[in-house]
Amino acid sequence: MQLYWHRYKYYPYEKDLALREIKSLLDPAGIHAEGHTIHLDHPLHPELVNRLVYFANSTVAGGEPVATQQNLLERVNGNGVNRQSTRYSAHGLHEYKGKFNPQVAKAMLNIFGAHPGQLVLDPFCGSGTSLVECAHLGINSVGTDINPLAVFLATAKLKSLTIPAESLLNNAKFSLIAAKRLRTEPTLEGERGDYLKLWFPLEYLSDMERLRLAIDVNGGENTSVLLAIASNLLRDYSLQEPHDLRIRRRKSPFPDKSFFDAYEEAVRAFCTRLYDAQQTLGIIEAHSKAVNVDCKKAENHPDLRQGTFDLALTSPPYAMALPYIDTQRLSLVWLDLLCPSDILSLESELVGSREIRGKGKKALLEALEANDAMLPEQESALCIRLQNTLGENDGFRRQAVPRLLYRYFANMADAFFSVSQLVKPNAPFGLIVGGNHTVLNGKRFDINTPEHLARIATTRGWQHVETVSLQAYQRYGLHMNNATSTESLVILRAAT
Ligand SMILES: C[S@@+](CC[C@H](N)C(=O)[O-])C[C@H]1O[C@@H](n2cnc3c(N)ncnc32)[C@H](O)[C@@H]1O
């Protein structure tokens, strides 16, 4: 059997993942690279060639080239000539910070040999990239996320796969007409209304609210998808600088198009991509879900059964990432998923948050000094060393770094334990983890997060199998100046 690469330029890690996929799925007796082709000797499972992520076509014994499913999906949903497409199918529904590259999520499923009939867990599922990739492969999955917007978006993406794109488009058109015809001005009352009035010019807000109302009344099963498409436009029409993930007052001009026109365009674009994907995938029966759960405490949640997941994969938050909740607050409030007054308290619950509430600062320092979470010696020692390095010139943000790192490690330890209870014995768990650095008292510290997390995991029910460096892999839309550009795939296996 011969395999042919896609036309886009590869990062070295992609070729590494490609080889791993071949070995795990097709299990050939030999692999030989020759120019643009890979020759496989006697693959044990040639029928699985269609699942490969990083190959466009295959041929068998001089026959016609057969396109892989990934090739078909990327070909019609392309990002442009010779560029890897990342927005095919439902992936482009809504921006989300730190999104998985869908190809990497699918490659991980392939490397772990995931197959229909199995159940996959993504404990930090975000906007649901891995759940969508599972659905494409006919595999059921459950995602958990503490952020209600993440759960809303993941649910909407999964839902969209079950609806014919034409019917979604028709319903969207109908809802838009209904919104335009609404004569009554929407009432903007209470905390939600006051907050939205602060952040949107009234004329846009009025259109957004009329659309929301019309979708709520007419959307039926399409509601979440249509609201998500509208939510993705909010920043462009807000008083917040749209391209700055930090919250700054707008200086750039507003778009030329009306909100309704922009919505119509966005709906068309999404439905076109969905339609193209459905030509290849068909309509997918949904048996997957995203649930609003804190994965540090997920093991006892009624929606999740212990010992039922065959494998887990995720991209966990970075230590000290930008505030997720705060940067998405316009969508959270507009969709009525969160009260404005709850933004900061939810933020502080997120793993990797920089937010420390109330008396938490002192308590965290005590926890760090006493190593309350019983972290391994190296991680505890690192946090103490950082704490002892702090100098007078370190501002209040830097003063918090050792405590925040300690809390991040402790939270990840809880998440590892929780996931270990949910998976079956021996289940693999893949994590895409990025490194960090920090400067304290003028000294630079490189924090090898993949190594730290792998070690912490071994104290919470996991064996560390391998860490694969993914050179040049960067998550999309991540805006962080203290992240290093390298990420790693950490592979763990549940204790038996
Ligand atoms: C890097 S993002 C995941 C992005 C996701 N892979 C995607 O493709 O959209 C990390 C996620 O972890 C979530 N998170 C943070 N703390 C959490 C917790 N305690 N329980 C569950 N999810 C949490 C954040 O809300 C965020 O969505």
Side-chain angles (χ1 to χ4, degrees), residues 86-87 89-106 108-109 120-135 141-158 228 232 245 290-299 301 303-304 312-329 331-332 337-338 343 345-355 404 407-419 422 430-434 436 449 453 473-480 483 487 489:
T86 51
R87 299 170 72 75
S89 182
H91 288 306
L93 179 67
H94 200 285
E95 56 105 20
Y96 196 81
K97 250 169 2 98
K99 246 190 216 182
F100 247 149
N101 168 286
Q103 283 81 356
V104 168
K106 182 169 172 183
M108 281 162 79
L109 291 168
V120 171
L121 173 69
D122 184 341
F124 296 99
C125 73
S127 63
T129 310
S130 57
L131 310 186
V132 168
E133 284 301 327
C134 282
S141 61
V142 178
T144 61
D145 205 290
I146 199 169
N147 176 356
L149 180 66
V151 174
F152 182 88
L153 297 176
T155 307
K157 283 185 191 173
L158 289 171
N232 200 32
L245 281 180
V291 280
N292 196 196
V293 172
D294 178 348
C295 75
K296 305 192 291 287
K297 311 173 201 157
E299 75 271 21
H301 194 276
D303 279 357
L304 303 159
L313 80 165
T314 201
S315 56
Y318 279 100
M320 295 166 283
L322 262 190
Y324 266 93
I325 301 296
D326 212 21
T327 54
Q328 297 162 337
R329 69 206 205 301
S331 288
L332 279 160
L337 298 170
L338 193 67
I343 292 174
S345 62
L346 178 60
E347 190 77 78
S348 67
E349 292 294 307
L350 261 70
V351 175
S353 164
R354 296 177 189 214
E355 190 65 31
L404 292 177
R407 184 173 68 179
Y408 174 73
F409 286 156
N411 285 345
M412 285 303 294
D414 288 343
F416 281 126
F417 176 74
S418 190
V419 176
L422 294 170
L431 300 97
I432 303 285
V433 184
N436 265 90
T449 316
L453 293 192
Y473 175 82
Q474 263 186 315
R475 295 182 212 179
Y476 295 93
L478 205 74
H479 175 85
M480 274 188 63
E487 303 234 359
L489 165 59

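First listed ligand is number 1; within each ligand, the first listed atom is number 1. What you see is a predicted model, and the numbers here were worked out from it, not measured in a lab.
Considering backbone and side-chain atoms alike, Thr129 places an N or O below 3.5 Å from some N or O of ligand 1. Looking at ligand 1, you'll find an N or O of Phe100 within less than 3.5 Å of one of its N or O atoms. An N or O contact shorter than 3.5 Å links Asp294 to ligand 1 by distance. Polar contact with ligand 1: absent for Asp122 (N/O pair, distance under 3.5 Å). Backbone and side-chain nitrogen or oxygen atoms of Val351 are examined, and one is located within less than 3.5 angstrom of a nitrogen or oxygen of ligand 1.
When the heavy atoms of Leu149, Leu346, Asp145 are ranked by distance to atom 11 (C) of ligand 1, first place goes to Asp145. Closest to atom 2 (S) of ligand 1 by heavy atom, among Tyr96, Phe124, Tyr318, Tyr324, is Tyr324. Among Ile146, Thr144, Val291, the residue whose heavy atom lies nearest to atom 17 (C) of ligand 1 is Ile146. The nearest non-hydrogen atom to atom 6 (N) of ligand 1, considering only Ser315, Pro317, Gly126, comes from Ser315.
Every heavy atom of Ser130 sits 4.0 Å or more from the atoms of ligand 1. Proximity of Ala105 to ligand 1 is not established, as no heavy-atom distance is less than 4.0 Å. Not a single heavy atom of Ile325 sits closer than 4.0 Å to an atom of ligand 1.
Residues Asp326 and Ile343 come closest through the heavy atom pair OD1-CG2, 3.6 Å.
The side-chain contact (heavy atoms from CB on, under 4.5 Å) test with Pro317 singles out one residue from Asn411, Val351, Val433, and that residue is Val351.
Close approach of ligand 1 to Gly98 (heavy-atom distance below 4.0 Å) involves ligand atoms 1 (C), 4 (C). Residue Lys99 approaches ligand 1 through these ligand atoms, each under 4.0 Å from one of its heavy atoms: 7 (C), 8 (O), 9 (O). Each of the following atoms of ligand 1 lies closer than 4.0 Å to a heavy atom of Ser127: 7 (C), 9 (O). Atoms of ligand 1 found under 4.0 Å from any heavy atom of Asn147 (numbered from 1 in listed order, with element): 25 (O).
Contact of the Cys295 side chain with the Val419 side chain is not registered, since no non-hydrogen atoms from C-beta on lie closer than 4.5 Å. Residues Leu313 and Val120 have side chains in contact (heavy-atom distance under 4.5 Å, counting atoms from C-beta outward). For the pair Val104 and Ile432, the minimum side-chain heavy-atom distance is below 4.5 Å. Within the 4.5 Å cutoff, the side chain of Pro102 has no heavy atoms near those of the Val132 side chain. Leu431 is not listed as a side-chain neighbour of Phe124, based on a closest heavy-atom distance of 4.5 Å or more. Looking only at side-chain heavy atoms (C-beta outward), Asp145 and Tyr324 stay at 4.5 Å or farther from each other. With a 4.5 Å cut-off on side-chain heavy atoms, Lys157 and His94 do not count as touching. Contact of the Met412 side chain with the Pro316 side chain is registered, since non-hydrogen atoms from C-beta on lie closer than 4.5 Å.
Within the 4.0 Å heavy-atom criterion, the part of Cys125 lying near ligand 1 is the backbone and not the side chain. Counting heavy atoms closer than 4.0 Å to ligand 1, residue Ala415 contributes nothing at all. Residue contacts with ligand 1, taken as heavy atom pairs separated by less than 4.0 Å, involve Val293 solely via the backbone atoms N, CA, C and O.
Put simply, the side chain of Ser418 never gets that close to the backbone of Asp414: no donor and acceptor are under 3.5 Å apart.
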Query - From CA spacing to verdict: side-chain contact (heavy atoms from CB on, under 4.5 Å), Leu453, Phe416 - result: CA-CA 9 Å; Leu453 293 192; Phe416 281 126; 4.1 Å; yes
